[in-house]
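Just so you know, these numbers use all the heavy atoms, side chains as well, and skip hydrogens, waters and symmetry mates. Nothing fancy with the numbering, it's 1 onward along the sequence.
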Amino acid sequence: MPQAVKKKPAKSSNLFRWLVFTILLILCCGAIASLSAPQSTIEEVPLSDVLARANDENGNIAKITVEGSDLKITLKGKDRYTQVSRKDPSGTLYEQGLIDQCANLNGEDLSACQAKYPVIEYTEVSNFWDYALDIAIIVVPVIIIILFFSSMMRQAQSMNNQSMGFGKAKAKLYGPDKKRITFKDVAGNESAKQDLEEVVDFLKEPKKYEKLGAKIPRGVLLAGDPGTGKTLMARAVAGEASVPFFSISGSEFAEMFVGVGASRVRDLFAKAKKNAPSIIFIDEIDAVAHKRDARGGAGREDEQTLNQILVEMDGFDNDSGVIVIAATNRVDMLDKALLRPGRFDRHVNVTLPERKDRLEILNVHFKNKPVNKSVNLDALAAKTAGSSGADLANIANEAAITAAREGHKEITNDDITEAFERVAIGPERKSKVMNEQERKLTAYHEAGHAIVGHVLPNSDPVHKVTIIPRGRTGGVTWFLPPEDRSYKSIYDLKDILARAMGGRIAEKLVFGPEAITTGASSDLQHVAQLSKEMIVEEGMGKQTRNLVFPEGETGYYTISTGKPYSEKTAELIDLEVKALSDEAAMRAEAVLKANGPVLDKLAEALLKQETLEEKELAPILKDAKLPATAKLR
C-alpha cells in the first residue's frame, strides 16, 4: 500500500520563505548601495594640500599608493580609500617619484609645484558591503516591526476564524465515494440486521410506506455491550442505503462554554438536511444525553445540548429523509424524553454473539490470513463464549502476531491457543520465577479448583489447568460450557461459588489452616461479588427470596445507607451473602476431603508437566467422586 507523502509543517515553510526574503533584501540593499555610492561627488583639492597632509605627523593619511596615473590615499582608522586622479594640462603621465619631489619642496618651490599642478580630482570610493550594511541597519528593523505587526494581525484573524467556527459540528462525513460497508461485511446478529434492513428500505423507498400512512422512523437506538459492532452496524445501514453518513461522538458536543453544544447540534442537523436523505450517527450518546434531575438547570451546558437534540429530532418533517442512529452501552443512563416514540422509535439490541455467530465472525477475520488446515475454528468458537466481536478480531490478530514471532508460515492451533489465552487472561510471565514451595502451593490450589468443579453436577467441564503464571495470576483453571446458555439456575451459581472456593480450601487442607496465602484473593472477591448479585439483584436469598434491591435505579433511597434499602435490610443482605460463602466453602471442603488421593495425583502431575489439557486431565479425574455432604439440599 503506497505511503502518503507527509507535508512539511507550515511553520518551517514560512520560516524558509522569510529567510529567502531577508537574503534577497540584503542583496537589494547592496545593489542600491553600489548605485547610490557617492562616486559622482567630486571635491577639488590642491595637490599641495594633499602633500602637506602626507608630511604632517598628525595628518590623517595612513598610506598613499600609486597605480599608474592615479593615487589611492587611505585615511587613518578607515577601510575606505580616496582616489586621486592627477590631471596634466599637457596630458602626460607622471612617474612615481612625483610625490617625493613635491614633498621635499617648500616656500616658493612648493608654490611653483602648486602652480604647476593646481587641481586634482578628489573622489571618495566606498566598499560595496559597507554601504549595504549601512542601509540594512536602517531597513531590517523596519521590516522586523512590519513582520511583527503582520504576525499579530494573522493571529488575531486566526482566533477570530476559530471563534466563528466554534459552534460548528465536528462530524465526519462518509459519502458514497468512501469505501462502502454492507450487511454482508457484518457477521452474526441476524435479528439486529433484520431490524436495520427495514430502516434501509425506508431510506430507499419512503413513498411505499407513506402511501400506507406509515411514518419513517426518526431515530434508531443501538444498545449493547462494548465491542459488539454497533458502529459497524450503523455504517452498514449507510452503505446499504448509499446515502451520506455523518458520524460524531457524543463527547464532541460538549464544551466548557455554555451554548456551544447546542450550536453544534443545530449545525449538524442543518448539514444532514441539506444532504438528505442522510444518516446521523451519534456514538456514545450517553455522554451528552444522560438523565436530567433536580440538580440540573437551564444554564447547564449538557442539558442545553440534550434539549437541542430533543427539539431537532421532534421537529423533523416527515419527508426530510434524515434518520438518527445512536449507540450506547448504558441505556439506563439515557433521559426518558429521548427514548420515547417520535424520537428514538426503534431500539435494537446488539447482543454478544452466539456460538454460530462467533464462528462466522472468526471466519471473516481469518479469511485473508494463511491458516493451517488442521486449525479448528469451531472449537475456538466454542471456547470463546461471552466474547464480543472485537475480542474475536483481537484473537485473530494476536494469532497472526504469534505465528510471525515463532517463524511459522501458517497460523497453527498452538498459535490460536496462545492468542486466546493471552486475550482472555494475559501473556505468560516468563520472567516470573517461583520457588518450589510456591510451585507446590500453586499446584494444589489449581488442583482444588479442578476437582471441585469436576465432581459438582451443575459445573462446567474442566478444559485446562496450568501453573504457569499468566497475567496477574499464578495459575489458571479453565471451565468451558459445552453450549451457550441464556439463563443460570441457583444450582449453577452455587456450584460456581464452590469451585471458586476450591483453591483456598485445598491450601488449608494440605498446608494447614494457618498457612493460607494471598493467592486466593481474586477467588474470594469473585465469591463475594457473585453472592451479593444473587441476593441483591436475583432474589436468591433464603430470607430475601424474590426480593431485589437494584441500586442503579432511581427512586427510594434511605438517608442512612444511601441505598434502596434500610440498615436492617443491609444487615440481612450481609448475612445472606455470608451464608452463601460459608456454604460454598463447606461443599468444597467436603469434596476435597473425599478425594485426597486424586488431589495429590493431580498436583504432582502439574508440578511435573505444568500444563494439563482436557485429554490429560480425564484419566486423573475419573476416580473423583461427589460425597453426599456436598450435595445441595
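- You'll find the side chain of L612 reaches within 4.5 Å of the side chain of L606, heavy atoms only.
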Open item on the list: Could you walk me through whether D523 and H449 satisfy the side chain to side chain donor-acceptor pair (under 3.5 Å) test, starting with their C-alpha distance in whole Å, then the side-chain angles of each, then the deciding distance to 0.1 Å, before giving a yes or no?
Closed with: CA-CA 10 Å; D523 297 327; H449 286 310; 3.1 Å; yes
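- Atom CZ of F281 and atom OG1 of T231 lie 3.5 Å apart (nearest 0.5 Å).
- Side-chain contact between L602 and L617: present, with at least one pair of heavy atoms (C-beta onward) separated by less than 4.5 Å.
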- [ ] Please assess D415 against R405 for the test salt bridge (Lys or Arg N to Asp or Glu O under 4.0 Å), listing each intermediate value before the final yes or no.
- [x] CA-CA 10 Å; D415 298 328; R405 185 172 59 246; over 6 Å; no
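- In this structure, S531 contributes its side chain and A528 its backbone to no donor-acceptor pair below 3.5 Å.
- No side-chain donor-acceptor contact under 3.5 Å links T351 and N349.
- Of all heavy-atom pairs between T544 and E576, the closest is N-OE2, 3.2 Å.
- Heavy-atom minimum distance, L599 versus I451: CA-CD1, 3.3 Å.
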Task: Stepwise salt bridge (Lys or Arg N to Asp or Glu O under 4.0 Å) check, K494 with D492 - done: CA-CA 6 Å; K494 285 189 173 184; D492 299 331; over 6 Å; no
TODO: For side-chain contact (heavy atoms from CB on, under 4.5 Å), just list the numbers for V465 and W478, CA-CA rounded to whole Å, side-chain angles, deciding distance to a tenth of an Å, and then say yes or no.
DONE: CA-CA 6 Å; V465 183; W478 268 281; over 6 Å; no
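- Applying the ring-ring contact (aromatic ring centres under 6.0 Å, His included) rule to H454 yields no partners; only residues at least two apart in sequence or on another chain are considered.
- Of all heavy-atom pairs between P457 and L626, the closest is CD-CD2, 3.9 Å.
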TODO: Kindly indicate, with the supporting measurements, whether the criterion side-chain contact (heavy atoms from CB on, under 4.5 Å) is fulfilled by D357 and N189.
DONE: CA-CA 7 Å; D357 296 332; N189 271 312; 5.5 Å; no
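- Residues L338 and I285 are in side-chain contact: their nearest non-hydrogen atoms beyond the backbone lie under 4.5 Å apart.
- Looking at D623 and K625, no side-chain N of the basic residue comes within less than 4.0 Å of a carboxylate O on the acidic one, giving no salt bridge.
- A 4.5 Å side-chain heavy-atom check between R422 and E418 finds at least one atom pair inside the cut-off.
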Task: Derivation of the side-chain contact (heavy atoms from CB on, under 4.5 Å) call for F246 and I248 - done: CA-CA 7 Å; F246 293 88; I248 191 170; over 6 Å; no
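- Heavy atoms of other residues, nucleotides or ligands lying less than 6.0 angstrom from NZ of K593 number 12 at most.
- Residues A327 and K230 come closest through the heavy atom pair CB-CB, 3.9 Å.
- At most 12 heavy atoms of other shown residues, nucleotides or ligands fall within 6.0 angstrom of atom CD in Q194.
- Of the inter-residue distances, the one linking T384 atom OG1 with L362 atom CG reads 5.5 Å to the nearest 0.5 angstrom.
- Closest approach of P226 and N329 over heavy atoms only: CG-ND2, 3.1 Å.
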Using residues 390-399 as the side-chain source, report each donor-acceptor pair under 3.5 Å to any protein atom, sequence neighbours left out, with the distance given to one decimal.
{"from": "D391", "atom 1": "OD2", "to": "S388", "atom 2": "N", "distance (Å)": "3.1"}
{"from": "D391", "atom 1": "OD2", "to": "S388", "atom 2": "OG", "distance (Å)": "3.1"}

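- Residues V548 and E537 form no side-chain contact, since every pair of their non-hydrogen atoms from C-beta on lies 4.5 Å or further apart.
- Just one of D600, L592, I467 meets the side chain to side chain contact (heavy atoms under 4.5 Å, CB included) condition when paired with Y444; it is D600.
- The pair E190-K193 meets the salt-bridge criterion, with a side-chain N (NZ, NE, NH1 or NH2) lying under 4.0 Å from an Asp/Glu carboxylate O.
- Without hydrogens or angle criteria, D225 side chain to L352 main chain gives no donor-acceptor distance under 3.5 Å.
- With respect to K568 and E571, no salt bridge is recorded, no charged nitrogen being found less than 4.0 Å from a carboxylate O.
- Residue E589 holds its CD atom at 5.5 Å from CG of L509, rounded to the nearest 0.5 Å.
- Taking NZ of K532 as the start and CD1 of I573 as the end, the distance is 7.5 Å to the nearest 0.5 Å.
- You'll find the side chain of V220 stays beyond 4.5 Å of the side chain of M233, heavy atoms only.
- Side-chain contact of E446 with T477: a donor-acceptor pair under 3.5 Å is present, judged by distance alone.
- Of all heavy-atom pairs spanning H347 and L339, the tightest one is NE2-O, 3.5 Å.
- Side-chain polar atoms of D414 and T417 form no donor-acceptor pair below 3.5 angstrom.
- Between the side chain of R439 and the backbone N or O of N435, no donor-acceptor pair lies under 3.5 Å.
- A distance of 8.5 Å separates OG1 of T412 from CD of E406, quoted to the nearest 0.5 Å.
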Return all side-chain donor-acceptor pairs below 3.5 angstrom for residues 495-508, not counting sequence neighbours, or 'none' if the list is empty.
{"from": "D495", "atom 1": "OD1", "to": "R587", "atom 2": "NH1", "distance (Å)": "3.0"}
{"from": "D495", "atom 1": "OD1", "to": "R587", "atom 2": "NH2", "distance (Å)": "2.9"}
{"from": "D495", "atom 1": "OD2", "to": "N458", "atom 2": "N", "distance (Å)": "2.8"}
{"from": "R499", "atom 1": "NH1", "to": "S459", "atom 2": "OG", "distance (Å)": "2.8"}
{"from": "R504", "atom 1": "NH2", "to": "T517", "atom 2": "O", "distance (Å)": "3.2"}
{"from": "E507", "atom 1": "OE1", "to": "T517", "atom 2": "N", "distance (Å)": "3.2"}
{"from": "E507", "atom 1": "OE1", "to": "T517", "atom 2": "OG1", "distance (Å)": "3.1"}
{"from": "E507", "atom 1": "OE2", "to": "H445", "atom 2": "ND1", "distance (Å)": "2.7"}

TODO: Please step through side-chain contact (heavy atoms from CB on, under 4.5 Å) for the pair D286 and E284, ending with a clear verdict.
DONE: CA-CA 5 Å; D286 52 274; E284 305 296 344; 3.5 Å; yes
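- How far CG of L575 is from CD of Q543: 7.5 Å, rounded to the nearest 0.5 Å.
- Between V237 and F245, the closest side-chain pair of non-hydrogen atoms is not below 4.5 Å.
- By the 4.5 Å heavy-atom criterion applied to side chains, I416 and L377 are counted as neighbours.
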